[in-house]
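Note sheet for the following structure.
Small disclaimer: the values here were computed from a predicted structure and weren't measured. Keep in mind that the numbers below use all heavy atoms, side chains included, and drop hydrogens, waters and symmetry copies.
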Amino acid sequence: MHCAAASCVNNSKYRDRLIVMPHVIELQFHKAHAEDYTKWEKKLDKTDYRVSQYTRICSNHFKYGKPLAGSSVPTLYMRSYPDWALSRKQAAKEVAAVENGLICHALVHVCKYLDPQTTTRLAEQLRVQPGKNSDCIFQKLLSMSSTEARQLLQQVAPIVPGGKCLEALHIYRYGALCEGTGWLSAQFQPPKVDSVCANKRKDCNPYSIPAFHSYAKPETFKQSTEMVHCGHQCNRKEGVAWRKHNNKKQRLTAVECKEEVLYENYFHGDSTLRETQNIQLSEKITEPESALKCTQQIMKGPKVSIESIKHSDELIQLHTGLPSYQYFKWIYKEVDKASENMKYWHGNGSEKAKKYIETNQKKPGPSRVVSKENELLITLMKLRLNMMEEYLAYLFNVKQPTVSSILSTWIPLLSHELSGLIYWPEVEEIKLCYPDCFKRWPGIRALLDCFEIPTQKPSHVEANTQVFSSYKNRATTKFCLACTPGGSISFISPPAGGNMSDKEIVIACNLPQKFSPGDKCMVDKGFHIKGELLEYGVELIHPPFVHRGQPFTEEKNRLSKQIAHARIHIERVIGRLRDYKYLSSEIPVSQLDLIGPAARVCCALTNLKSSVVGKS
């Protein structure tokens, strides 16, 4: 029995390979009710696939781990599992490799989900007195050495139900925790043991395990130097402060506990402290309202703008990748005229020309929310840092749809206006900058190589086949890049699926037609295009191959090193392109139409920098 989701490889025949997500206790394969067949087919999104009584989907894809009333349709991980998803066997192995400082806490987290019989046997092994609660077992586990805890975790992890090993792995290795089906960031430190409590009462626990793992209320186990000391009566039990009210105990949070201390100091302390606190309080009350208004005005404006970073070349390079503010001004000047009456992209129908564009009139409607300089800055920051649109919206004090519209409009505009920077030079121009490492092969016109950008896995099977790269073992978008011996990018192909070979991309983009008879082209061993280039009178230079039955001579070895020494410069150029995080991060399927223009913009901006090749 296997899961029908396109992204899932779970099969009941291979229990060790099952991927069990943290929100699932027991992995099962569920079938659909007859009235839900159509809904399941839409979620599966497979060509010519019909859900039947034999269709099964595993628990990972349901919000509550199984189909319930109101959530009987699978919605989770229908396109692909996240990168951190591991099989049960692999997760059990990885969680036992957590660093020493957190291995005991990972062991406690895993042991929380053991069945009662295993917990009883574990208590006997740890020599915990019968009748004690689970907190005593957990405290015993926390006091173990890292080596003992790691050995015990290796024994316990394989028998823990569901995806709890995977949950513990992400909590204690990556600082992430699972709440329901969503992942949140968590930064936590075990609270310090109160020395007063430790000296006066040895059996007073610094914190309890359930409180430590109660992530929804971290303030219950965070301590402050101002919290009430336990004393002989131990008012603070297991790291939590208590007070008596009407002969009943009331639990205090950290904030309430701090207020209690201030209350005691104020009414039962000395008069000097009261006078000091009264003066501080009066100063806060009489604070001028103008300061508050000024703060509100500052918060209304953008947190980042070109005006705030143009004074520093380091900040310009950090946010945009450009060497200085002068380059930013030059780019803005180049696109200023074209951006005066441009129409912003707002979905289907945006490509229709407006009357004010055809008549070259001023664009009607309200003024821009963001200036054109800052819109250009938003676009360059997206390419350089690949920030989330929501965070860019926060930085520039706009809404996320506004940022999405700016990016969808400016990236194609920059690709069109800056395309002249990607220039195929003439032979005489190449000779003006011909480095010494290429002197053995005079007449080299270009160096070729391909690079791939990771993309989100499509849900459609045929689309996934077209973009799946056997080299990267994932879905990618592929580009063919050509650079001159001097290190400038002279050509970039349109985007292609990762399934295409280097030879197919070169032929599809008609790259051989750009060469002239007598030119030379340097490639690596993956480009089998010698016959295609010979039709245009172009000589192909590549490292020598090892043929069966023929030894790899010293001369061939020397030639291979010389070619690698010269060809490394195109790898360095691709490395500069990778500095733009947009081209090194996973591209969502919804943004695949922008990946080609974005790559061209990054190539044009790379050509504005100094050459990667040293002076001749």
More than 12 heavy atoms of other residues, nucleotides or ligands under 6.0 Å from CZ of R578: is that the case? yes
Tell me whether Y391 at atom OH has more than 12 heavy atoms from other residues, nucleotides or ligands lying less than 6.0 Å away. no
Looking at R474, Q456, K457, which hits side chain to side chain donor-acceptor pair (under 3.5 Å) with E586? R474
Residue pair D449 / D524, side-chain heavy-atom distance below 4.5 Å: yes
How about Y81 and H61: are their ring centroids closer than 6.0 Å? yes
Are the side chain of K46 and the backbone of A4 linked by a donor-acceptor contact shorter than 3.5 Å? yes
Between V156 and C111, does a side-chain contact (heavy atoms from CB on, under 4.5 Å) hold up when you go through it step by step? CA-CA 7 Å; V156 173; C111 290; 4.3 Å; yes
Do the non-hydrogen side-chain atoms of V467 and P458 ever get within less than 4.5 Å of each other? yes
Counting neighbours of NZ on K525 that are heavy atoms of other residues, nucleotides or ligands and sit closer than 6.0 Å, is the number greater than 12? yes
Checking K303 against Y394: charged group under 6.0 Å from the ring centre and within 45 degrees of the axis? yes
Least distance between heavy atoms, S404 atom then E389 atom: CB-OE1, 3.4 Å
Strictly distance-based, threshold 3.5 Å: is any side-chain N or O of T465 a donor or acceptor partner for the main-chain N or O of V461? yes
Flag the pair T379 / V601 as yes when at least one side-chain heavy-atom distance between them is below 4.5 Å, and no otherwise. no
Using the side-chain contact (heavy atoms from CB on, under 4.5 Å) rule, take N473 and F468 through it: C-alpha gap first, then chi angles, then the decisive distance, then the call. CA-CA 7 Å; N473 197 27; F468 184 81; 3.3 Å; yes
I453 versus F479: any side-chain heavy-atom pair under 4.5 Å? yes
Under 3.5 Å, side chain of H33 to main-chain N/O of E35, donor-acceptor pair present? no
Minimal non-hydrogen separation, I19 against A85, with atom names: CG2-CB, 4.1 Å
Just checking, any donor-acceptor pair under 3.5 angstrom between side chains of E94 and Q90? yes
Using a 4.5 Å cut-off on heavy atoms from C-beta on, say whether the side chain of I492 contacts that of C480. no
Check each of I587, I595, T455, D593 against P495 using the side chain to side chain contact (heavy atoms under 4.5 Å, CB included) test, and report the only one that passes. I595
What pair of heavy atoms forms the shortest contact from S493 to I505, and how long is it? OG-CG2, 3.9 Å
Using only heavy-atom distances, determine whether the side chains of S59 and H30 contain a donor-acceptor pair under 3.5 Å. yes
Side-chain heavy atoms of M144 within contact of I103, under 4.5 Å: no
How far apart are the C-alpha atoms of V110 and L153, what are their side-chain angles, what is the distance that settles it, and do they pass the side-chain contact (heavy atoms from CB on, under 4.5 Å) test? CA-CA 8 Å; V110 169; L153 186 56; 4.0 Å; yes
For H23 and E167, which I'm curious about, is there any donor-acceptor pair between the side chains at under 3.5 Å? no
Taken to the nearest 0.5 Å, the spacing of C58 SG from M21 CE works out to 10.0 Å
Quick one: closest heavy-atom pair of K43 and P74, and the distance? CG-O, 3.4 Å
What is the distance from atom SG of C602 to atom NZ of K581, rounded to the nearest 0.5 Å? 12.0 Å
Count the heavy atoms of every other residue, nucleotide or ligand shown that sit under 6.0 Å from OH of Y471, and state whether that count exceeds 12. no
CZ of F451 to OG of S584, rounded to nearest 0.5 Å, is 11.0 Å
Please report the C-alpha distance between Q400 and E390 in whole Å, then the side-chain angles of each, then the deciding distance to 0.1 Å, and finally whether the side-chain hydrogen bond (donor to acceptor under 3.5 Å, both in side chains) criterion is met. CA-CA 5 Å; Q400 182 270 332; E390 292 80 1; 4.7 Å; no
Atom pair CG/CG of L107 and L141 - distance to nearest 0.5 Å: 4.5 Å
Any side-chain heavy atom of E41 within less than 4.5 Å of one from R50? yes
If you round to the nearest 0.5 Å, how far is CG of L86 from NZ of K93? 11.0 Å
So, applying side chain to side chain contact (heavy atoms under 4.5 Å, CB included) with K382, which one of L385, L380, N386, I378 is it? N386
Does D579 offer a backbone N or O that forms a donor-acceptor pair with the side chain of R384 under 3.5 Å? yes
Taking all non-hydrogen atoms of both residues, which atom of Y344 and which atom of S405 are closest, and how far apart? CB-OG, 3.5 Å
Distance (rounded to the nearest 0.5 Å) between L583 CG and T477 OG1: 10.5 Å
Exercise: identify the closest heavy-atom pair between Y37 and S52: OH-C, 3.6 Å
Is L76 close to N60 at the side-chain level, that is, under 4.5 Å between some pair of heavy atoms? no
Which label fits W40 and F62: parallel for a plane angle under 30°, tilted from 30 to 60°, or perpendicular past 60°? tilted
Does K89 have more than 12 heavy atoms from other residues, nucleotides or ligands lying within 6.0 Å of its NZ? no
Between Y582 and Q591, does any side-chain donor sit less than 3.5 Å from a side-chain acceptor? yes
Tell me whether K478 contacts the main-chain N or O of N499 through its side chain, where contact means a donor paired with an acceptor under 3.5 Å. no
Does the pair I406 and L392 meet the rule for a side-chain contact (heavy atoms from CB on, under 4.5 Å), with working shown? CA-CA 11 Å; I406 290 173; L392 286 172; over 6 Å; no
Test item: T118 side-chain N/O and L114 main-chain N/O as donor-acceptor pair under 3.5 Å: no
